[in-house]
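For reference, the structure is listed below as structure tokens.
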There are 2 protein chains.
Amino acid sequence: MNRIALYHLETLLWIARLGTFAAAAERLNTTQPTISARVRELEGQLGYALFRREGRRMALTVRGRQLVRDCEPLWAALERALAAGNLSGATGVVRIGAGEIAAATCLPGFVADVETALPGVTLDISIELTARLVQDLLGATADLVFLAGPVAAPGIQTAGIGTVSLCWMASPATAARMAAQGITGAPASPAPIWSLPRHSPLHQVMIQALGDATTTLSAPDIRTCNNVRTLIDIVAAGRGVALLPEIMTREAVASGRLTPVWQVAGRGVEFQAAIRAEESDPIVLELFRRASALRIDAPS
Amino acid sequence: MNRIALYHLETLLWIARLGTFAAAAERLNTTQPTISARVRELEGQLGYALFRREGRRMALTVRGRQLVRDCEPLWAALERALAAGNLSGATGVVRIGAGEIAAATCLPGFVADVETALPGVTLDISIELTARLVQDLLGATADLVFLAGPVAAPGIQTAGIGTVSLCWMASPATAARMAAQGITGAPASPAPIWSLPRHSPLHQVMIQALGDATTTLSAPDIRTCNNVRTLIDIVAAGRGVALLPEIMTREAVASGRLTPVWQVAGRGVEFQAAIRAEESDPIVLELFRRASALRIDAPS
DNA sequence: GTAAATCATAGATGCTGCCTATCAATACTC
DNA sequence: GAGTATTGATAGGCAGCATCTATGATTTAC
């Protein structure tokens, strides 16, 4: 049954429209015996008769008419789908990967840019941890990723798109308690530190910042969660402090759920767009070019 | 491009689902080189690349992924459409023809019967004059027709389904005027007669009825209209009298728009269902069987 | 009755799709 | 790091199929 070709259906539709095999043959630039043969093949594949002799012409059977009716819209849609790839304009499904912070900072602007400039391009967005993003990119599960921290894996081509500033955050209650205990430089017990998982670049930055300021403190109490939004909720609930991207906490700070407890000295975390080094698809390259032009620190 | 067969698309979809050519080959009960060849053919027909080497596997290109996404639902719909004809149940599009009176008397019950008993059957209904119905039936433009009057054309198989009683009708004002003039047997001027066109069986019956009762009258004034509903409206507006099927005027009589002026002597007009004599399609035959069982005079 | 129109059939031909048997490249494993 | 498994590509051979031209059979029209 799957040996039916598109021209079999096209033939059926044209016979139905024009009424005779000969007319369909002319329309399809072929001969009448070819049309007969195609109908015979189609009927053989389907296992039932499509036409019935009616005088000197052929009339559609009940099932044949049903098939014509069913196939008419499907045929048109299929023709369009198959022809879509030949359009000169950029068309396709591009899989975008992004870390959670990158998703919050880069994606809104990027998606808006792509939708206006390249309306034929459909984005499949997947939010993952940085380590997984690199894996997806190399494994061809993603075409373009936004990730945190300088990544220097072989076979990856990157472009910096700016930095996000980080800030130690806590709930107002926790901050007051820490101030009462005289902790002004860096957090310590009894306020535990919450962070992204240990393999995350943000975690490394946090350890770095911690080392700069707390050489004299004992090993800090670090707990992890792989989701920044959840991290914010935890800290806002007074369960500890966390080094959070400023851009994702603005709302919570404005509403009084969070308050900054200590400004970090460093320049924050660098974000970058990345594609495979050997990427050749013009659409992905164009999207990478546009992604590289993003500046996530500019609008602040 | 139309040389693409369904198995090409099926192959593409299974590769996309299973990830490798080899897995798709096993799923499709064929060999891996065959899958490679099919992909090559498909890409050749489409004119653009669907896959790109990625390590030792193949990854979909942006366009390829787009095609997979577009084809997935179309493929399923097409498979369903093609398989529909092989279902054991009756499925198909049957073209029904009917005269206007038959449409009013037979079709409601017939359609209800078919929709409950044969839900897979779709009816295409066309209302035409009797002469045209016979022509449609013989020309294979209709599969089953309901028509008035005993039709004895060669190549047609009929079954009587009852008679409709006829009645001379007029508006109450016209009826009163006729009564005042002492016309009790049959209508005459100044109330003109309205009728269906001259080739219609109902017109013949009307002439017959007229002849029975008005041998002494001069040639009556006969006007025609090819639409019974319009005929009713004309008569109700006081423009004349007409020999109308009782079943179609019940409502107008009940509402006082029409009133019977003289009961006709004959048994009315016989209606019948008809198919081509050499009809072989089991669905049409089944529908004819069901149509023959109708009794349009029974429910009265 | 003749002519035109419609579809079917037959034979020839070129192409296409499939299979078996290999090769090449890559990833995994000990 | 060597061996092995996996993945897809290639080559050769073969069968089948779609197409064409030429012709036949049947029906409709004039």
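Here is the naming used below: chain letters follow the sequence lines, and residue numbers restart at 1 for every chain.
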Provide, to the nearest angstrom, the distance between the CZ atom belonging to B:R57 and the P atom belonging to C:dC28.
-> 10 Å
Output for pair (B:L6 CG, A:Q45 CD), nearest 0.5 Å, gives 9.0 Å
What side-chain donor-acceptor pairs closer than 3.5 Å can you find for residues 119-127 of chain A, not counting sequence neighbours?
{"from": "A:D124", "atom 1": "OD1", "to": "B:R69", "atom 2": "NH2", "distance (Å)": "2.8"}
{"from": "A:D124", "atom 1": "OD2", "to": "B:R69", "atom 2": "NH2", "distance (Å)": "3.1"}
{"from": "A:S126", "atom 1": "OG", "to": "A:E128", "atom 2": "OE2", "distance (Å)": "3.0"}

Once you round it to whole Å, what is the distance between P of C:dA8 and CD of A:E43?
-> 9 Å
Set of residues satisfying side-chain hydrogen bond (donor to acceptor under 3.5 Å, both in side chains) with respect to B:R57, sequence neighbours excluded = none
Mind running a 4.0 Å heavy-atom check of residues 19-27 of chain B against DNA chain C and sending the residues that fall below it, in number order?
-> none
Between D:dG8 atom P and B:L50 atom CG, what is the distance in whole Å?
-> 15 Å
For B:D136, the side-chain hydrogen bond (donor to acceptor under 3.5 Å, both in side chains) test, sequence neighbours excluded, returns B:R132
When the distance from CZ of B:R40 to C1' of D:dA11 is rounded to whole Å, what number comes out?
-> 11 Å
What residues, two or more places apart in sequence or in another chain, satisfy side-chain hydrogen bond (donor to acceptor under 3.5 Å, both in side chains) together with B:T105?
-> none
If the sugar-phosphate is the primed atoms plus P, OP1 and OP2 and the base is the rest, what is the B/S/- string for nucleotides 18-23 of chain D, using protein heavy atoms under 4.0 Å?
-> SSSBB-
Residue list, side-chain hydrogen bond (donor to acceptor under 3.5 Å, both in side chains) with A:T61, at least two apart or on another chain = none
Validation: residues 148-158 of chain A side-chain donor-acceptor distances under 3.5 Å, sequence neighbours left out:
none

Protein-nucleic acid N or O pairs under 3.5 Å, nucleotides 3-5 of chain C:
none

Who are the ring-ring contact (aromatic ring centres under 6.0 Å, His included) partners of A:F110, not counting sequence neighbours?
-> A:F146
Please identify each residue that fulfils ring-ring contact (aromatic ring centres under 6.0 Å, His included) with A:F51, with sequence neighbours left out.
-> A:F21
Kindly indicate whether the side chain of A:L107, heavy atoms from C-beta on, has any atom under 4.5 Å from the side chain of A:I96.
-> yes
Listed by chain and number, what are the salt bridge (Lys or Arg N to Asp or Glu O under 4.0 Å) partners of A:E41, not counting sequence neighbours?
-> none
Whole-Å gap separating P (D:dC17) and CG (A:L42) = 15 Å
Between P of C:dG17 and CD1 of B:I35, the distance in whole Å = 13 Å
Rounded distance (Å) that lies between atom P of C:dT6 and atom CZ of A:F51 | 15 Å
